[in-house]
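Remarks on the structure that follows.
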Amino acid sequence: MPGPIPVTESPDRVPVLLPYPFPGPFDYRVPPGLRPRPGDVVVVPLNNREEVGVVWDAPADEAVPEHRLKSVVGVLDTPPMGVSLRRLVDWIAAYTLSPPGEVMAMALRVASAGLLRSVVRYRRADPLPAGRITSARQRVLDVLACGEPRSGADLLAQAGASPAVLRGMTGAGLLISETARPDQPFRRPDPDHQGPALSEQQRRVAGGLRAAVQRGAFSVTLLDGVTGSGKTEVYLEAVAACLRAGRQALVLLPEIALSSQWTERFGRRFGVAPAVWHSDLASRVRKITWQAVAEGQAPVVVGARSALFLPFPDLGLVVVDEEHEAAFKQQDGVVYNARDMAVVRARFCEAAAVLVSATPSLETVANVEAGRYAHLRLTRRHAGATMPEISLLDLRETPPDRGRFLAPPLLEAVRRSLAQGEQAMLFLNRRGYAPLTLCRHCGHRMQCPNCTAWLVEHRTRHQLLCHHCGHTIPIPPECPSCAAADSLTPVGPGIERITEEAAAVFPEARRLIMASDTIAGPNAAAAAAHAIEDRSVDLIIGTQLVAKGWHFPHLTFVGVVDADLGLAGGELRASERTVQLLHQVAGRAGRAEAPGRVMLQTFIPDHPVMQALLGGDLDAFMHSEADSRRDGEWPPFGRLAALIVSADTAIMADTVARDLGWAAPRGDGIVVLGPAPAPMALLRGRHRRRLLLKVRRDVPVQPILRSWLASVHVPRGGRVDVDVDPISFL
Ligand code: ADP
Ligand code: ZN
């Protein structure tokens, strides 16, 4: 009788996922003595190099014969990638049609960059064991005589010893090596430090969130409340509940420039700073933070979307603040929406997800209506502050002076706020001086050679700049087309030009420009926020950076220079996004005692978007927006995926796009639009075409996309990018 198949405790081969766009993991042989387990970070050979990868779960696809397998080199002494994070990687890869290694790379990049180089320091054994002391060894011992441990690099430099000497001495027990690690880099936030006295309504909502966290199970809640209603204070109570439950919490913010006011608020509530995570962290901080998260020593992390890939061992709460924000969508590399993936991560962690917004996305509202998400509302501003009074300024009737962009009633409103010692804000979602530079003589438009885009004048830098590829030229003295001198003229305003105009009208007002190119990084943002809070600024001129969750108590007037701007492209979400953006901007006004006023300059005051903003009835607007999408089965009532073809040449782009068009999937509930030239038909020198797949909600998109893509050959120099649930159609 055949005996049972022997089960070896450690398998002799393991699948290892490498941070590259391979279709899946590769198998490696496990050498004797090693017992790599799923999630372990390992070093393996790949094309004559050594690479860091992660032991994965599913066996690799192709059974490579045993004798051709290469061996795992070693297991790194770092926390393994936990099962919920591995599931998230697999899920995102499958959903976005990305190679799993590329998704895993987002989680690993940090780990390998930081942890491989954790500093090893040496001290002298005491007492010294008997051993041969060469002169090199003696020099090392001399350097260490004072007792302070030194890094290997230090010793090499100061003692002139080779790495082999250090190894030999460690082996002989003359040196003790230790891995230096800061202990407890993050103090524990105290959930009982100093909670605010919540209003009746706030208390009810906070109770709902707390209960969701305490259940210790997956749930999603929309926290929907008017601007200034205390949403942040309320969800911090959910964070407190999570801390009391001994689990970790993650708060995602759309824009890291926002985080200064947020972290200060967190500090007031919990007595300590949270761990902060974004891609610009110094590498040392990055490493410390990553390690602390992995070891459960960072109880609360606030971060940008990449924080989703941190190795939380026990995540109990994920908050997505400003969940409607397009900034949560990553457009490069793996194209994913961090808001949606936060919900997925919460599911794998048995955590509560809380989506927060004053202007929730239609997707989230649809999920509430379908009963998938719970819904909690804050309907009143805190401490009796009233909602700002909004008015429309019809530019057809009250135009600005010739060559100007601010109409007299708007200037008058600014003047009034300033005269009362309050602050005013001008909002225009466009950086630079002018979006277009035109030759008055021949009509030539200054265009980017690499993109379907105009060059934007940045007057302070004396440059014309492409906002898509970064192409820059000095402002030419004559027209490059007709050579007419001094004929180039700016058309339309950017915030630099608005600043110039405001400076001419209000020369005594202290101005602050807030845009991504003037406020570079969190420190600059914090400084700007403090300047506004301290009232050392009177007039703020900004792009969408100012629309975010700022709380500026002395700001009482907001003027929107061009309320129609976002409606121009006619994209699917143009109306929704314009309402969200302008409502957020308006929400900066009058957040404390003094009431706020908002004025929107528009040429289309009757447009439903302007009427929705005027009446403040966003629910009604969202309902009618939903109705118009439901009919055509547009998201969220249908699903979309975009294929973006790009190639070195226009001919190749056309060929690939045409082949995709011929191979387009057919069937009940499936529609393919295109191919068509992308609105940005040229981007960074690449020719682009688009196809759009639209399917009924009950039709799974990924299998269709997979077989569609497999049926078309893409030559070298061409590629097809997939964007599932696209929000940009450029
Ligand atoms: P939202 O996130 O809804 O825009 P915030 O949470 O920023 O609102 O609250 C607006 C302001 O009111 C903040 O300065 C906040 O600290 C303050 N606030 C809100 N609720 C309370 C409360 N119960 N007690 C004290 N201050 C509060
Ligand atoms: Zn360009």
Side-chain angles (χ1 to χ4, degrees), residues 194-207 209 222-240 251 253-254 258-270 319-325 354-360 376-388 432 435 445-456 458 463-473 529 532-533 547-555 580 583-593 596 678-688 730:
Q194 200 175 59
L198 298 181
S199 71
E200 173 64 36
Q201 190 179 50
Q202 288 175 333
R203 203 160 40 235
R204 196 154 12 95
V205 171
L209 293 181
L222 167 63
L223 169 56
D224 160 15
V226 298
T227 52
S229 58
K231 293 186 291 298
T232 315
E233 300 292 349
V234 166
Y235 76 64
L236 287 181
E237 294 312 303
V239 172
V251 179
L253 298 180
L258 256 185
S259 67
S260 67
Q261 275 195 334
W262 195 94
T263 44
E264 286 162 22
R265 173 113 52 109
F266 185 92
R268 285 197 293 278
R269 172 65 184 82
F270 293 108
V319 177
V320 184
D321 202 349
E322 312 285 6
E323 66 88 30
H324 62 278
E325 273 282 343
V354 180
L355 308 182
V356 184
S357 178
T359 55
L376 294 169
R377 296 193 94 150
L378 291 169
T379 54
R380 285 185 294 278
R381 279 194 156 178
H382 169 66
T386 52
M387 294 305 287
R445 295 162 176 223
M446 298 298 294
Q447 180 135 23
C448 175
N450 313 316
C451 305
T452 314
W454 296 330
L455 293 174
V456 178
H458 284 249
Q463 283 174 336
L464 299 181
L465 171 68
C466 173
H467 283 182
H468 299 278
C469 73
H471 178 79
T472 308
I473 57 170
I532 299 170
E533 289 163 6
K548 313 298 160 145
W550 304 105
H551 183 68
F552 298 138
H554 312 293
L555 178 71
Q580 286 163 343
H583 187 81
Q584 290 288 343
V585 179
R588 298 317 104 204
R591 291 168 68 95
E593 300 83 44
M680 301 278 305
L682 190 65
L683 180 63
R684 295 182 204 101
R686 311 257 307 156
H687 298 264
R688 301 166 78 247
L730 285 179

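The figures here come from the full heavy-atom set of this structure, side chains too, leaving out hydrogens, waters and symmetry mates. Indexing begins at 1, ligand by ligand and atom by atom, following the structure's order.
Applying the side-chain contact (heavy atoms from CB on, under 4.5 Å) criterion to Arg381, with sequence neighbours excluded, gives Val226, Thr227, Ala385, Met387, Pro388, Arg591. Pro679 is linked by a side-chain contact (heavy atoms from CB on, under 4.5 Å) to Arg690, Leu730, counting only residues two or more places apart in sequence or in another chain. With sequence neighbours excluded, the residues that form a salt bridge (Lys or Arg N to Asp or Glu O under 4.0 Å) with Arg377 are Asp224, Asp619.
The side chain of Pro196, and not its backbone, has at least one atom closer than 4.0 Å to an atom of ligand 1 (non-hydrogen atoms only; side chain from C-beta on). Contacts between His382 and ligand 1 below 4.0 angstrom, taking non-hydrogen atoms only, involve the side chain exclusively. Contacts between Pro553 and ligand 1 below 4.0 angstrom, taking non-hydrogen atoms only, are absent altogether. Under 4.0 angstrom from ligand 1, the non-hydrogen atoms of Glu233 come from both its backbone and its side chain. Within the 4.0 Å heavy-atom criterion, the part of Val226 lying near ligand 1 is the backbone and not the side chain.
For Gly225, the closest heavy-atom approach to ligand 1 does not fall below 4.0 Å. Not a single heavy atom of Arg381 sits less than 4.0 Å from an atom of ligand 1.
Here is the list of ligand 1 atoms found below 4.0 Å of a heavy atom in Arg591: 4 (O), 7 (O), 8 (O), 10 (C). Contact atoms of ligand 1 toward Leu198: 23 (N) (distance under 4.0 Å to a heavy atom of the residue). Of all atoms in ligand 1, listed by their number and element, those nearer than 4.0 Å to a heavy atom of Ala197 are 22 (C), 23 (N), 24 (N).
Ring geometry for Tyr235 versus Trp262: interplanar angle under 30°, hence parallel rather than tilted (30 to 60°). Using bins of under 30°, 30° to 60° and over 60° for the plane-to-plane angle, the ring pair Phe552/Trp550 lands in the parallel bin.
Here the closest heavy-atom approach between residue Cys469 and residue Cys448 is recorded as SG-SG, 3.6 Å. The shortest non-hydrogen separation linking Ala681 to Thr452 is N-OG1, 3.1 Å. Across all non-hydrogen atoms, the minimal contact from His324 to Gln584 is CE1-NE2, 3.2 Å. Closest approach of Pro254 and Glu322 over heavy atoms only: CG-CB, 3.8 Å.
Between Glu237 and Gln202, the closest side-chain pair of non-hydrogen atoms is not below 4.5 Å. Within the 4.5 Å cutoff, the side chain of His687 has heavy atoms near those of the Leu682 side chain. For the pair Cys451 and Met680, the minimum side-chain heavy-atom distance is below 4.5 Å.
Looking at atom 7 (O) of ligand 1, its nearest protein heavy atom turns out to be Arg265 NH2, 2.8 Å. Distance from atom 3 (O) of ligand 1 to its nearest protein heavy atom, with residue and atom name: Lys231 NZ, 2.8 Å. Looking from atom 11 (C) of ligand 1 to the surrounding protein, the closest heavy atom is His551 CE1, 3.4 Å. Nearest non-hydrogen protein atom to atom 2 (O) of ligand 1 is Thr232 OG1, 2.9 Å. The single protein non-hydrogen atom nearest to atom 4 (O) of ligand 1 is Gly228 N, 2.8 Å, given as residue, atom name and distance.
Taking distance alone, with nitrogen or oxygen atoms compared against 3.5 Å, Gly230 approaches ligand 1 more closely than that limit. The shortest N or O to N or O distance between Thr227 and ligand 1 is not under 3.5 Å. Between Gln202 and ligand 1, an N or O atom pair is found at a separation short of 3.5 Å.
Among Arg265, Arg269, Arg268, the one residue that satisfies the salt bridge (charged side-chain N to carboxylate O under 4.0 Å, His left out) test with Glu233 is Arg265. A side chain to side chain contact (heavy atoms under 4.5 Å, CB included) with Val319 is found for exactly one of Val251, Leu236, Leu209, namely Val251.
Among protein atoms, those of element N, O or S found less than 2.8 Å away from the Zn ion (ligand 2) are Cys448 SG, Cys451 SG, Cys466 SG, Cys469 SG.
The backbone N or O of Gly470 sits less than 3.5 Å from a side-chain atom of Thr472, completing a donor-acceptor pair.
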